[in-house]
There are 2 protein chains.
Amino acid sequence: MSQTRGSSNRPATATDVARIAGVSQSAVSRAFTPGASIAAETKLRIIEAARTLGYRPNAIARSLITRRSRVIGLVAAYLQNHFYPDVLELMSRRFQALGYHILLFTADAAAHADPVMEEILAYRVDGLILASTTLSSALAADCRAAGIPVLLFNRTARASQVSSVTGENERGGRLIGEFLIAGGHRRFGFVAGVEVSSTSQDRERGFRAAMAAHGLPEPLRAVGHYTFDGAAAAARTLLSRPDRPDAIFCGNDHMALAISEVARFEFGLKVPQDVSLVGFDDVGPARWASFSLTSFSQPVSTMVDRAVEVMIEQIEGEAPVPRDVIVPGELIVRGSARVPAGCVSINGQLVWRPEGSAP
Amino acid sequence: MSQTRGSSNRPATATDVARIAGVSQSAVSRAFTPGASIAAETKLRIIEAARTLGYRPNAIARSLITRRSRVIGLVAAYLQNHFYPDVLELMSRRFQALGYHILLFTADAAAHADPVMEEILAYRVDGLILASTTLSSALAADCRAAGIPVLLFNRTARASQVSSVTGENERGGRLIGEFLIAGGHRRFGFVAGVEVSSTSQDRERGFRAAMAAHGLPEPLRAVGHYTFDGAAAAARTLLSRPDRPDAIFCGNDHMALAISEVARFEFGLKVPQDVSLVGFDDVGPARWASFSLTSFSQPVSTMVDRAVEVMIEQIEGEAPVPRDVIVPGELIVRGSARVPAGCVSINGQLVWRPEGSAP
DNA sequence: TTGAAAGCGTTACCAT
DNA sequence: ATGGTAACGCTTTCAA
C-alpha cells in the first residue's frame, strides 16, 4: 500500500522524498527534526510525500553525523534469575520512552564482560550498562577514553570511574543476621553467590557483622555461584553436616528457591520448623505460597529508575561525575523463617524493622 | 594506557590510524577486513598503530555503506514467563557467535507490535524477530517492501510473508487431551492464554479434538491471558464451580504454576488426587519438586537454533522464501497429573507416547 | 524559511 | 598490494 517499489529496491531516502515533494533534501531533514525551522505547509507536503514512499529517517546515517547512536549497550548474565528479566523489561521500557534502545549482549556469568566489549564499542553505544557483570579496569579506562559512560547494575567496582546502582547489600545482610538471631536460631549458614562479586561479598560482610556483634561464631559457608544447581549442591553440603544449620541466609532468592526445594524434598525438612531460609531480592516467586520466602527486597522498579536516570545524566549532562546509588530495601517477612518480635505491617506486607534501623 | 587524548576528544578514526602508520585510509580498512588483499607486514604495522590509538572500526559507518547493520530487532513481551528469558539468552548467544547482535524492544503483550516497529525500522535492522507478538499485515508488508525478513517465534501468522518457528501446539494439545482421558478424568478444563494468539488457539483446538474424538463434552474454559495473575483468576473461576474440573490443561507452564498455587493453597486441593494439571513448554520450574509439572515440551534450544538458522537464511540467502518450522516436543510426565499406562522412559525422563503417536 | 554544500567514518571500486 | 575517490543518507553550517 505504501510502496510501489518491489522488495528488491532500496528503502526510500530523504532525497527521494525531496524530489517528489519538490523541496530540497535539507527540508526533508527539517521536516523530521522536531523544532526545526520549517513552514507548516511545506512540512505537511513533505510528510505526505514521505508516507507515499514509506520513508523513515535512517537512524544509522543520523548517528554517524550526530555522533549519538541513542543505543545503550546492556550486558547481562543470569537471565534464569527472575530478577533480571524484570530488570530487562523495565529498563527497556524506560529507555524506549526516552528514545533510547537497548543492544543486548550476553556474557558468561562469573567472568569479566571484556570479551564482548570489543563488539559493543564498535557500535558506538551512548552508554554501557553491566548487569551483574563487571569489566576490567583496563576496559573501564577505554570506555572513559571513548567517552562512554559505564554503569554497573547490582555490582560495584572498586575504584574505577564508573557509576553503580545497587541495593542495600551490606545493611540487608546485617538485618537478616539480626533477624535470624532474634528468631532464636543457633547455627547459621551462608550460601555465597559468585565469590568475587561485590554483591555477594557485601551481603556476607553484613551478615557476619551481625554474628560478630552478638559474639556468635562464624556461619557455616558454601558457595552457590548464584545458580540454581550450584545452590542446590551447596544446600546438600550444608544440610548433610551433623551440625547442620538451623538458619540459612541464601545469597539471593534464586538460590533460596533451590535451597528450599532441596531442604524440603531431598532432606524432608520442614521450613521453617527445621530450618529457616532467608533470601535476597524479593523476586516474584518469593511471594508464591509454595515458597513464601522471607527476603530482603531490591525494588526493581526504583533501581531501574535510578539507573536510567544516572545513565541519562552521564550521557546528556555537562561534565557529569560517576555516581554510586544505593536503593533502600526492606526485610520482607513471610513464612520461610521463624518470625521474631518487631515486625510491622506496611501496606499489608509484614516487614521487620528493629528499633533504630529505619531505612 | 591506550589513549593519550583526553576524554573530550573523539575516538580515533581510520584516517588517524593511517596517518601514524604511514599508509592510506583504505589500507586501514583492509587491515580490518578479513580476507582482504593486504601485505602481512603492512597489516601488522596498521594493527599496531590502531592499538596505540585505541582504534576500533566504527560499525555505524560500516553499516551505512554496506547496508547491513548486523543487528536483529527482537520484540519481546512476557518476560515474566520463564520461557522467554531462556529464549533471549540463547538467541543472543547464537547470534553473537555469528556476528549479529540483538536490539531489544518490549511490546505490550496482547497487542500488535506495530507501535514500536516504527523505531525498529529506523535502525535498519537486518531482520526482525517477534517473540510472542505479532504485527499487522500492513506492517508485515512494509517490512517486505523494506526487504527486512520477519520471523515469528512461538506464534504463526495467517497468510503473511513471514516465517515462523513454533512448537507442536496442536499435536501437543491433542496429546494432552488423550493423556488426561486415558488417565480416567471426566470433567475437563482449559485455561486459554491470549485468545487471539495462534498458539493458544492451536493448543485449544488440539485439546478439543481429543475430547471430540472420544465423544466427550467440551471442556470448561477460562482465559488466563498468559499471565500469572490472570491464570490465578481463571483458576478461581474454574475451581469454584460445583462441577469443577478434575483435570485442567493450562495453556502454558507459567499459568500452570499459578493454577497449581491457587488449587493447592487457596482451595486446599491435592494435585493430582483432586485435580490433575498439565502445562505446556516444560520450563525450568516445571521440574521443581514443588510443582513437578506434567507438560508438553517446547525445546528452547532447538527452537532457537531453528529460528537463528531461518533468520540467517532469510538475510543472507538468495531469494529465500518464508518458512514455517514446527519443532517437535514430548509429553513430559511428572507428578501433577494422574499417570495412565503407556509411559516410557527416555534418558531417565518419563514421557507419554501412546501407540501411533511417535513424533 | 529555504537550498547548497560540507562533512560523519566507513567500504567499494578504480587505477596504479 | 596499495592509494585515490566516490558513495552511503543524513545533519549542520552558511548564504540567500
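First the proteins, then the strands, lettered A, B, ... as listed; each starts at 1. Computed over heavy atoms, backbone and side chain alike; hydrogens, waters and symmetry mates excluded.
If you take CG of B:Leu44 and C1' of D:dA1, they are 16 Å apart, rounded to a whole angstrom. In this structure, A:Ile38 atom CD1 and D:dT11 atom C1' are separated by 14 Å, rounded to whole Å.
Within a heavy-atom distance below 4.0 Å of DNA chain C, no residue of residues 95-102 of chain B is found.
Taking a 6.0 Å sphere around CD1 of A:Ile326, one finds it holds 12 or fewer heavy atoms contributed by other residues, nucleotides or ligands.
In this structure a side-chain-to-backbone donor-acceptor pair under 3.5 Å is present from B:Ser136 to B:Leu139. Using a distance-only test at 3.5 Å, with no hydrogens or angles considered, a donor-acceptor pair links the side chain of A:Arg70 to the main chain of A:Gly99. When atom types are taken as modelled, the side chain of A:Arg56 and the backbone of A:Pro11 share no donor-acceptor pair closer than 3.5 angstrom. Formation of a donor-acceptor pair under 3.5 Å by the B:Ser163 side chain with backbone atoms of B:Pro322 is not found in this model.
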Q.
Counting primed atoms plus P, OP1 and OP2 as sugar-phosphate and everything else as base, spell out the protein contacts along nucleotides 8-16 of chain C at 4.0 Å heavy-atom distance: B, S or - for each nucleotide, 5' to 3'.
A. BBBBBB---

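Aromatic ring orientation, B:Phe105 versus A:His101: tilted (interplanar angle from 30° to 60°). Using cut-offs of 30° and 60° for the angle between ring planes, the B:Tyr78 and B:Tyr226 rings count as perpendicular.
For the side-chain contact (heavy atoms from CB on, under 4.5 Å) criterion with B:Tyr100, the lone passing option out of B:Val308, B:Val125, B:Ile312 is B:Ile312.
Residue contacts shown for B:Thr42 are limited to sugar-phosphate atoms, with no base heavy atom under 4.0 Å away.
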